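Atoms within a ligand are numbered from 1 in the order they appear, just like the ligands themselves. The structure presented is a predicted model; accordingly, all values stated were derived computationally and were not measured.
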Amino acid sequence: MIGTDIALAKTLLQAGELVAIPTETVYGLAANAFNADAVLKIFLAKNRPAFDPLIVHAGSIAQIATLVTHMPETGRYLAEQFMPGPLTLLLPKKNLIPDLVTSGLPHVAVRIPNHPLTLQLLRSLNFPLAAPSANPFGYVSPTTAQHVQDQLGGKIPYILDGGPCSVGIESTIIGFDTTPPTVYRMGGISIEQIEAAIGKVLVQTYSSSNPRTAGMLKSHYAPHKKVVLGNITQLLQTFSEENRQGLVGVLSFKQDYGCPRQVILSPDGNLNEAAGRLFAALRTLDNLPVTVILTEPVPDVDIGRAINDRLKRAAAGQPDAEGEE
Ligand code: TXA
Ligand code: MG
């Protein structure tokens, strides 16, 4: 069921049930982070491997402080600058966070989502919410309540509808075990914004052997259709036969390539607008009767770096033979 009833969402979460929640980045699939049985339901609904830990959502910096054993100075400063907002901190966890939430890792990922409905919900609860993106593991993240309904509707009792997500790309994940700190996933807060606040950071967003986050897997955030990233004009030549048969979808940044099955992310060339539309566009094209989606990188600055990161992972195809997420 989809609705805007915060009291119902609260009752379900208190009873150990799952509720999909809106955030400024993407929709999350939430459960009481202190209740391991409730958290287990998230892994089952998403078909998510147990080695992939969850982000814990809190309503305030003060609440975050109750979940961790230590908050480094730079972490606190970033929290004050960017929270609520699309930034996730990796911090040493207290024992009250079940190991299932962190996949046995000593750190917990924490963030304060910047969405009025979800902030109100979080601030009315006496526990934080563990919530991954509300999509089957490996697939494109949902940016509307309907996206969640389409894929997980039968598996969760309630979807809190907060409208389309304003940022549209997941949070930036940063850890403090290195000097300087390391960004493990590019997202809604840009590297430029972080560096303006705390100086140079390391960026390590790919790891195949020992991924720190599943978002570091080469292939993730992937549609079912084949995605090819490159120069669209040249790719339209390469796929001219498919194009003639109407089997090509085009996902462009701002240019009109004259292809009938085309989504232009931002005709004005605005990267924030492009980020906001990216995942919905991938879903739209994935659901059309095309065999291939041709796309191009956007300018590699600001949130454009996170967009390019997601496009590369989408183009890397499906992570496993079952074609999940
Ligand atoms: O914007 C977001 O962060 C959204 C919304 C719903 O908040 N959430 C989200 O969650 O993208 P998810 O689970 O789809 O991606 C979280 C990433 C995963 O790649 C996971 O491996 C990583 O965060 N992660 C979570 N806890 C971690 C931990 N303790 N150590 C390292 N990586 C962690
Ligand atoms: Mg995800």
* **CA sep, side-chain torsions, deciding dist, call: Ser171, Arg185, side chain to side chain donor-acceptor pair (under 3.5 Å)** => CA-CA 8 Å; Ser171 60; Arg185 179 174 73 181; 3.2 Å; yes
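The distance from the Mg ion (ligand 2) to the nearest N/O/S atom of Ser133 is under 2.8 Å.
With salt bridges taken as basic N to acidic carboxylate O contacts below 4.0 Å, none links Glu73 and Arg76. Between Lys46 and Asp52 there is no salt bridge, since none of the side-chain N atoms of the basic residue sits less than 4.0 Å from a carboxylate O of the acidic one. For the pair Arg111 and Glu24, the salt-bridge criterion is met [side-chain N within less than 4.0 Å of a carboxylate O]. Of the charged side-chain nitrogens involved, none lies within less than 4.0 Å of a carboxylate oxygen, so that Asp37 and Lys41 do not count as a salt-bridged pair.
Taking every non-hydrogen atom of His57 and a distance limit under 4.0 Å, the qualifying atoms of ligand 1 come out as 5 (C), 6 (C), 7 (O). Applying the 4.0 Å criterion to heavy atoms of Ser171 picks out, from ligand 1, the atoms 1 (O), 2 (C), 3 (O). Close approach of ligand 1 to Ala109 (heavy-atom distance below 4.0 Å) involves ligand atoms 25 (C), 26 (N), 27 (C), 29 (N). Short contacts between ligand 1 and Thr25, defined as distances under 4.0 Å to a heavy atom of the residue, involve ligand atoms 1 (O), 2 (C), 4 (C), 5 (C). Shown in contact with Gly28 at under 4.0 Å from a heavy atom are these atoms of ligand 1, numbered in order with element: 6 (C).
Residues Glu170 and Ser141 bring a donor and an acceptor atom of their side chains to less than 3.5 Å of each other.
In terms of N/O distances under 3.5 Å, ligand 1 is not approached by Thr23. Residue contacts with ligand 1: Ser133 is placed with a nitrogen or oxygen under 3.5 Å of a nitrogen or oxygen of the ligand (distance criterion only). For ligand 1, none of its N or O atoms has an N or O atom of Lys46 under 3.5 Å away.
At a 4.0 Å heavy-atom cut-off, ligand 1 touches Leu90 through the side chain alone. At a 4.0 Å heavy-atom cut-off, ligand 1 touches Arg48 through the side chain alone.
Using a distance-only test at 3.5 Å, with no hydrogens or angles considered, a donor-acceptor pair links the side chain of Asp5 to the main chain of Ala7.
Closest approach of Ile156 and Ala20 over heavy atoms only: CD1-CB, 3.9 Å.
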